[in-house]
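Numbers restart at 1 for each chain; the letters A, B, ... are given by sequence-line order, proteins then strands. Model, not experiment: these values are computed from the prediction. Only heavy atoms go into these numbers, but all of them, side chains included; no hydrogens, no water, no symmetry mates.
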Protein chains: 2
Amino acid sequence: MNTRFAVAVHILAFLGTQDGIPASSELIAGSVNTNASLIRRLLSQLTKAGLARSQMGTGGGALLAMDAGKITLLDVYRAVDEQGDVFAIHQDPNPKCMVGRNIQAVLRVRIDEAERALQAELARTTIADIAADIAAKDSISAAN
Amino acid sequence: MNTRFAVAVHILAFLGTQDGIPASSELIAGSVNTNASLIRRLLSQLTKAGLARSQMGTGGGALLAMDAGKITLLDVYRAVDEQGDVFAIHQDPNPKCMVGRNIQAVLRVRIDEAERALQAELARTTIADIAADIAAKDSISAAN
DNA sequence: CCGTTATGTATCCACGATAGTAACATAGAG
DNA sequence: CTCTATGTTACTATCGTGGATACATAACGG
């Protein structure tokens with residue numbers, strides 16, 4: 001139940017609103033309201049996954065590595081959630097018991113199916129969708 | 001990433017193989033290979049959710065509260081995973097930033113969709129299915 | 001060419017959740 | 001009345017998460 005996925009999406013959505021101007025980790029941290037080092041750690045993972053890239057030096061910062069419409073939430077999920085497992089299976093059940101010696105393999109199949117369903121849904125949304133949702137919602141609140 | 005869900009399914013699958021004979025928490029703990037107190041804590045949640053019931057006293061123990069074919073993995077998930085949220089959303093993003101003041105609501109929608117997809121998949125499997133898988137897998141290994 | 005900006009990474013710490021363990025009051029069977 | 005077993009509480013070790021600091025390295029600009 002960590003917030004890495006949510007923060008990573010926040011970062012990429014933020015980069016998506018920057019029109020190609022590099023954003024420093026300090027700037028992003030200000031939007032997320034957290035530590036710049038944490039942002040850099042996440043950006044490092046996003047960069048390794050090929051979703052973001054960065055420029056060092058004056059005026060540098062992070063950029064999207066590809067079009068926001070090409071980055072899905074599944075990509076982000078895979079980039080930041082190392083083991084990518086929603087459920088854990090308990091270790092060392094009793095092999096002398098029929099349930100104990102088979103539960104892990106049986107559960108693995110069902111959990112993988114559920115995980116696949118989750119990932120398929122995540123794949124249907126892109127960072128561009130998120131950015132559009134944010135802009136739409138913001139114009140509505142601005143109107144009130 | 002806790003194992004409560006997996007252990008709870010293990011417990012119910014175990015009860016499903018008991019043919020209506022109450023199973024003590026000690027017995028179940030032996031199959032799961034953990035502590036009886038932990039089993040009782042989980043059984044308490046399963047009982048509150050109406051999935052299991054128990055008899056105190058000599059010869060007592062836990063029983064399924066309904067037919068194994070009527071209990072879905074979603075029921076178990078809801079019974080033991082209190083908050084039932086796969087993803088957490090970071091708190092206190094910066095309201096002065098367009099992304100910061102809208103990201104939570106926007107992410108909430110998408111995360112809820114993903115969560116629904118996960119739950120729909122879990123709802124497709126029952127404890128009876130799990131018990132059948134276990135029996136099938138066990139007879140295969142026994143044949144080798 | 002040197003100082004400034006900013007990344008990338010390592011380290012340390014506080015906090016909370018998980019799960020293992022023990023203890024005990026209570027309820028039911030014989 | 002005794003034995004069994006539940007239901008619940010409390011305590012603890014361990015680990016993951018996220019906050020904070022530090023620093024070597026890289027790029028840009030005067």
**Student:** What's the CG-P distance between B:Asn35 and C:dT18, to the nearest Å?
**Tutor:** 17 Å
**Student:** Going by side chain to side chain donor-acceptor pair (under 3.5 Å), name the pairs with one or both residues in residues 31-43 of chain B, residues two or more places apart or in two chains.
**Tutor:** B:His10-B:Ser31, B:Ser25-B:Arg40
**Student:** Could you pull out every donor-acceptor pair under 3.5 Å between side chains of residues 57-65 of chain B and any protein atom, sequence neighbours left out?
**Tutor:**
none

**Student:** Got a sec, which pairs hit salt bridge (charged side-chain N to carboxylate O under 4.0 Å, His left out) with one end in residues 2-25 of chain A, sequence neighbours left out?
**Tutor:** A:Arg4-A:Glu82
**Student:** Would a distance-only check, ignoring hydrogens and angles, find a side-chain to backbone donor-acceptor pair under 3.5 Å from B:Glu115 to B:Val86?
**Tutor:** yes
**Student:** Which pairs with one or both residues in residues 131-142 of chain A pass side chain to side chain donor-acceptor pair (under 3.5 Å), sequence neighbours excluded?
**Tutor:** A:Asp133-B:Arg110, A:Asp138-B:Arg101, A:Asp138-B:Asn102
**Student:** Indicate for each nucleotide in nucleotides 5-10 of chain D, in 5' to 3' sequence, whether protein heavy atoms under 4.0 Å reach the base (B), only the sugar-phosphate (S), or nothing (-).
**Tutor:** SBBBBB
**Student:** Taking only heavy atoms on the protein side, list every residue of residues 87-106 of chain B lying under 4.0 Å from any atom of DNA chain D, sorted numerically.
**Tutor:** none
**Student:** What donor-acceptor contacts under 3.5 angstrom involve side-chain atoms of residues 92-100 of chain A, with partners at least two apart or in another chain?
**Tutor:**
{"unit_1": "A:Asn94", "atom_1": "OD1", "unit_2": "A:Lys96", "atom_2": "N", "d": "2.8"}
{"unit_1": "A:Asn94", "atom_1": "ND2", "unit_2": "B:Gly30", "atom_2": "O", "d": "3.1"}

**Student:** Using heavy atoms and a sub-4.0 Å distance, could you list which residues of residues 3-15 of chain A are near DNA chain D? By number, please.
**Tutor:** A:Thr3, A:Arg4
**Student:** With sequence neighbours left out, what residues match A:Asp67 under salt bridge (Lys or Arg N to Asp or Glu O under 4.0 Å)?
**Tutor:** none
**Student:** Please give, in whole Å, the distance from D:dA20 P to A:Ile39 CD1?
**Tutor:** 12 Å
**Student:** Return the set of residues passing side-chain hydrogen bond (donor to acceptor under 3.5 Å, both in side chains) with B:Thr72 (not counting sequence neighbours), or none when no residue passes.
**Tutor:** B:Asp75
**Student:** Tell me every residue that passes side-chain hydrogen bond (donor to acceptor under 3.5 Å, both in side chains) with B:Arg124, counting only those two or more places apart in sequence or in another chain.
**Tutor:** B:Glu121
**Student:** What integer distance in Å separates A:Leu38:CG from C:dT11:P?
**Tutor:** 18 Å
**Student:** Not counting sequence neighbours, which residues clear side-chain hydrogen bond (donor to acceptor under 3.5 Å, both in side chains) with B:Arg116? List them please.
**Tutor:** none
